[in-house]
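Below, chains carry the letters A, B, ... as their sequence lines are ordered, and counting in each starts from 1. Please read all numbers here as calculations on a predicted model, not as lab measurements.
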Amino acid sequence: MSDTSQRDDLKFFGQVSATISHDLKNVLAVINEGAGLLDDLCMLAGKGRPIEPERLASVAKSILGQVRRGDAIIKNMNTFAHSVDEDVRSMDMGEMLTLMGELCSRPVKAAGASLEVTPCECHLRADPYGVERVLHGMILCALKNAQQGTALTLSATMEAEGLRILLAGLPQEPHPEEQLHETARALGAQFHVRNRSLELTLPTQPPETGN
Amino acid sequence: MAEKVLLIDDETEFLQNLSDRMTIRGMEVTTAQDGNAALNAVNNDSFDAVVLDLQMPGMDGIEVLKRIKTERPNMQIILLTGHASLEKGVEAMRLGAMDFMEKPADINSLAEKIHKAQARKMLLVERETEAKMKEIIGSRGW
């Protein structure tokens, strides 16, 4: 791998990690204000102001909800971190698309767009980290020209020539950077721009790496 | 005098809980969940301080900061962010933000900054009034 490729590879890992840390900070901020509010209410109760049980229940529910949200973020972070464990493995592509949809939820939301992942029951043997990297690149490429209300859909279907992943709903024809094409080629995949969609066809068997 | 604060954040629960805590501390709080609602509030009311989330969908915090400063140059804006990078902090201060805080924020530090913002706003308003008075007196030849 060239120095530039290694740098791009690290950039992808860094981008995903930064998004996760930001999401976790937000979860902590909500919990912090919830716990702080409970503390304030206790302080007021100490001064004789009655506590409304409904308000307590609402804050407790909010904190529990944020703990679940934080747990889901950490679970995704763990799955992502372990994707470098093996060069090649069999993957549930429905789970993979959902993971990448969730890991990209912050940039999607920031762009004012939405991303719907269509459930699928396809499996594929490939480099998980490489697949994550190309899916991440496709989503960010689609977001470059996204507008408020842009509704993207991400789906996968098994075809004769391999597993076809389609990212549709782009507001205009995208112009992927060469680096995204390179990442797709490294997986032995075909990558095309078609009718305001990005299409990736992954081979059912990973390419020989020569290692 | 109670500080009038506009609190802007896209996280509903964060907004509700922080707003309640600020109200308990005697502040008068208005909330907005996005940039457009914030700009409407700024145009229709007067605030001592604006507490603004940096990362919001659609119009982000930096854009909201720029627009508020264009409309109301004296407005005291405190930025809140999940990740306070030095670069963003410098940019925010250059654009006229009064201060920059990282989430989760300490309520007492935030309340102190809001109190300072109110004092600074009052000083700016006093100076403006004084300048206007001088202008009127000068133009009438009194």
Side-chain angles (χ1 to χ4, degrees), chain A residues 14-15 17-47 49 51-52 54-56 58-70 73 105-115 143 146-150, chain B residues 5 7-27 29 31 33-37 39 51-64 78-89 100-112 114:
Chain A
Q15 277 176 333
S17 305
T19 303
I20 291 168
S21 70
H22 202 116
D23 286 343
L24 286 174
K25 275 274 204 175
N26 272 335
V27 168
L28 289 176
V30 183
I31 292 174
N32 184 57
E33 295 314 325
L37 181 57
L38 290 179
D39 196 38
D40 288 351
L41 294 173
C42 288
M43 183 264 295
L44 290 175
K47 289 180 180 172
R49 187 169 131 178
I51 293 185
E52 296 167 34
E54 300 81 21
R55 189 75 190 100
L56 288 185
S58 155
V59 178
K61 191 178 166 192
S62 159
I63 292 174
L64 289 171
Q66 292 301 322
V67 170
R68 278 194 293 274
R69 179 183 166 196
I73 294 168
S105 62
R106 174 164 285 276
V108 167
K109 200 177 164 196
S114 63
L115 173 65
L143 291 176
Q147 301 148 359
Q148 193 69 34
T150 294
Chain B
V5 183
L7 184 57
I8 311 159
D9 201 296
D10 63 307
E11 289 268 359
T12 317
E13 289 169 23
F14 177 82
L15 203 60
Q16 176 68 55
N17 290 343
L18 182 55
S19 164
D20 284 357
R21 297 188 75 198
M22 288 159 80
T23 305
I24 288 171
R25 281 160 180 77
M27 298 176 211
V29 187
T31 58
Q33 273 193 272
D34 58 48
N36 288 323
L39 293 174
V51 179
L52 171 65
D53 182 30
L54 190 63
Q55 287 219 333
M56 290 189 296
M59 201 190 302
D60 73 358
I62 291 288
E63 186 58 32
V64 178
I78 300 161
L79 278 170
L80 267 186
T81 176
H83 180 69
S85 69
L86 182 65
E87 194 184 48
K88 281 282 177 195
F100 195 75
M101 284 187 85
E102 193 168 326
K103 285 181 184 175
D106 173 60
I107 188 84
N108 295 324
S109 304
L110 181 61
E112 200 177 305
I114 290 168

- Query: Nearest 0.5 Å, what's the CD1-CD distance between A:Ile63 and B:Glu13?
  - Reply: 9.5 Å
- Check whether any side-chain heavy atom of A:Asp40 lies under 4.5 Å from a side-chain heavy atom of B:Arg25, and answer yes or no. yes
- Only one of B:Arg21, B:Lys103, B:Gln16 passes side-chain hydrogen bond (donor to acceptor under 3.5 Å, both in side chains) with A:Glu33; say which it is. B:Arg21
- Would you call B:Glu11 and A:Arg69 a salt bridge, using N to O less than 4.0 angstrom? yes
- Message: Working to the nearest 0.5 angstrom, can you tell me the gap between B:Asn17 CG and A:Leu38 CG?
- Response: 8.0 Å
- Message: Heavy-atom cut-off 4.5 Å, strictly under: side chain, backbone, both or neither for A:Gln147 against chain B?
- Response: neither
- Message: If I compare all heavy atoms of B:Pro104 with all of A:Ala29, which pair ends up nearest, and what's the gap?
- Response: CB-CA, 3.9 Å
- Message: Report which part of A:Leu44 has an atom under 4.5 Å of a heavy atom belonging to chain B: side chain, backbone, both, or neither.
- Response: side chain
- Query: chain A heavy atoms under 4.5 Å from B:Leu18: which part of the residue, side chain, backbone, both or neither?
  - Reply: both
- Taking atom CZ of A:Arg49 as the centre, report whether more than 12 heavy atoms of other residues, nucleotides or ligands fall under 6.0 Å from it. no
- chain B shares the most heavy-atom pairs under 4.5 Å, among A:Leu41, A:Leu37, A:Asn32, with A:Leu37
- Heavy-atom count around B:Glu63 CD within 6.0 Å, excluding the residue itself: above 12? yes
- Closest heavy-atom contact between A:Gln148 and B:Gly58? OE1-CA, 3.7 Å
- Query: Which value, rounded to the nearest 0.5 Å, describes the distance between B:Ile24 atom CD1 and A:Asp39 atom CG?
  - Reply: 10.0 Å
